[in-house]
Amino acid sequence: MQNQPYYRPLRENDFYADKRSARPIIQGTVARGHLEADTYFYTGKIGSNDGDYMPFPVTAEVMARGQQRFNIYCAPCHSELGDGNGMIVQRGFKHPPSYNTERLRKAPIGYFFDVMTNGFGAMPDYAEQVPPQDRWAIAAYIRALQLSQHATESDVLPGEQIAQQPPPGVNVSPPFDTQGATTAAPAPAKPNAAPANGGEAKP
Amino acid sequence: MAQVFHRSANTIARASIIGVVVVVSVLLWAALEVQRSPYATYQNVAQAQPVPFSHQHHVGGDGIDCRYCHTSVENSSFAGIPPTKTCMNCHSQIWTNAPMLEPVRESYRTGQSLIWTRVNDLPDFVYFDHSIHINKGVGCASCHGPVDKMPLTYAANSLQMEWCLNCHRAPEKFLRPRDQVFNMRYEPPSSQNKVKLDDGSVFTDQIALGNELKHRYNIRSIEGITSCSTCHR
């Protein structure tokens, strides 16, 4: 009764040499519901170039999701601001470039999707850990981060003012405790800030 | 014929009846205590692992979120143990020569799985699901204890039926806002510690917060989640 003869996830099986009860998928198998027909959604590429639009509309929920996922999977190295001074980098990992360089601000949004899907140089890929929908949300959030770090006087809504100092009690560099918070994205995350075409439906 | 038993034998006989009852109860009690003790449940006993993986360093020290490694915890019954690739995301560059990490590198080279020792293990006749607990505001720490302070992982609770029911009978004592589920430093509300929900309402009392969350997250009735077929199906 305690251990019954069936397999729970990751349980050992002595029949196979590698002892895995869950067998790796044979190359070329397409599981039901996993036909990746919408190539742009799954690769971020049009032909061999990176595309520059979101495959689904960017809403406040998508932004909040992107922020949350970014803070889980990317912030350990890229930091929550995207400047590349994350905790793992402070412990000796290669320093990634800041997202606020001219080059990355000009990079099409599909490029960020591609880096997450296939890795880039010393950076590992996140295809296993982050599903495509979330990778797009992260890409949209990175766009918002770039804008927030590059805001000018003219981006301020009429009648609003830029605070010279953060209001008392506001912590500028968020501590670990804010991880997983589902608050809305930071100020300049205008939904239309990230190029969205809103045309294609979600798969 | 002379009497075989002296008069005092009556008293001894009576006393021994009580004695037997006492001895049997003590033995039963001892058996129950042993059955609940760490000796039988492995509560608080750290397990030896092929690699001395430390949540204290990775979570407490480096601030990595649980979901970075336990990717399926939010939407499946199984929390997920990270594949070797996840370790190599960082350890391809950090501590690359540490002998401690040799099994990880070997596993990455050869494709053989690392075989971790289970720490929390329910019997197979019990049905358990992580995702519902996570989505209804039960924090990892409520069941797994201070994981961010564990140099080696141990089970912080007995995982016995008594323990599950203790919460299922009164979930309001444990619930927290959904966005705090992964936060290992969350403190339940008290007069010193105010807890705020998204809509701005503030709580200073766990029971009040718990009841509000029970309502918001549509937690079923106590009868619903304590009936046998919830966990034995």
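First the proteins, then the strands, lettered A, B, ... as listed; each starts at 1. Predicted, not measured: the structure shown is a model, and the values here were computed from it.
- Around atom NE2 of His57(B), no more than 12 heavy atoms belonging to other residues, nucleotides or ligands sit under 6.0 Å away.
- The closest side-chain heavy-atom distance from Arg69(A) to Arg67(B) is below 4.5 Å.
- Nearest approach of Tyr73(A) to Thr71(B), heavy atoms of both residues: OH-CG2, 3.8 Å.
- To the nearest 0.5 angstrom, Gln4(A) atom CD is 8.0 Å from Phe125(B) atom CZ.
- Atom CZ of Phe120(A) has 12 or fewer heavy atoms from other residues, nucleotides or ligands within 6.0 Å.
- Of the inter-residue distances, the one linking Lys85(B) atom NZ with Tyr126(A) atom OH reads 7.0 Å to the nearest 0.5 angstrom.
- No more than 12 heavy atoms of other residues, nucleotides or ligands shown are found within 6.0 angstrom of CE on Met161(B).
- The CG atom of Leu10(A) sits 7.0 Å away from the CD1 atom of Ile81(B) when rounded to the nearest 0.5 Å.
- For the atom pair CG of Asp124(B) and CD of Gln2(A), the computed distance is 8.0 Å after rounding to the nearest 0.5 Å.
- Other residues, nucleotides and ligands contribute only 12 or fewer heavy atoms inside 6.0 Å of the NE2 atom of His215(B).
- Within 6.0 Å of atom OH in Tyr6(A), more than 12 heavy atoms from other residues, nucleotides or ligands are found, so the atom counts as buried in its surroundings.
- Residue Glu12(A) touches chain B through its side chain alone, counting heavy-atom pairs closer than 4.5 Å.
- In this structure, no portion of Val181(B) lies under 4.5 Å from any heavy atom of chain A.
- Heavy-atom minimum distance, Phe93(A) versus Asn89(B): CE1-O, 3.3 Å.
- Using a cut-off of 4.0 Å between Lys/Arg side-chain N and Asp/Glu carboxylate O, Arg8(A) and Asp121(B) are scored as not salt-bridged.
- Closest non-hydrogen pair, Asp18(A) versus Ser113(B), comes out as O-OG, 4.5 Å.
- Surrounding CZ of Arg220(B) are at most 12 heavy atoms belonging to other residues, nucleotides or ligands under 6.0 Å away.
- Note: Arg20(A) leads Glu128(A), Gln90(A), Lys94(A), Arg20(A) in heavy-atom pairs under 4.5 Å with chain B.
- Pairing each heavy atom of Ala122(A) with each of Gln93(B), the nearest pair is CB-NE2, 3.0 Å.
- Interface remark: Phe78(B) contributes side-chain atoms only to the contact with chain A (heavy atom separation under 4.5 Å).
- Crowding of Leu27(B) atom CG: a count of heavy atoms from other residues, nucleotides or ligands under 6.0 Å exceeding 12.
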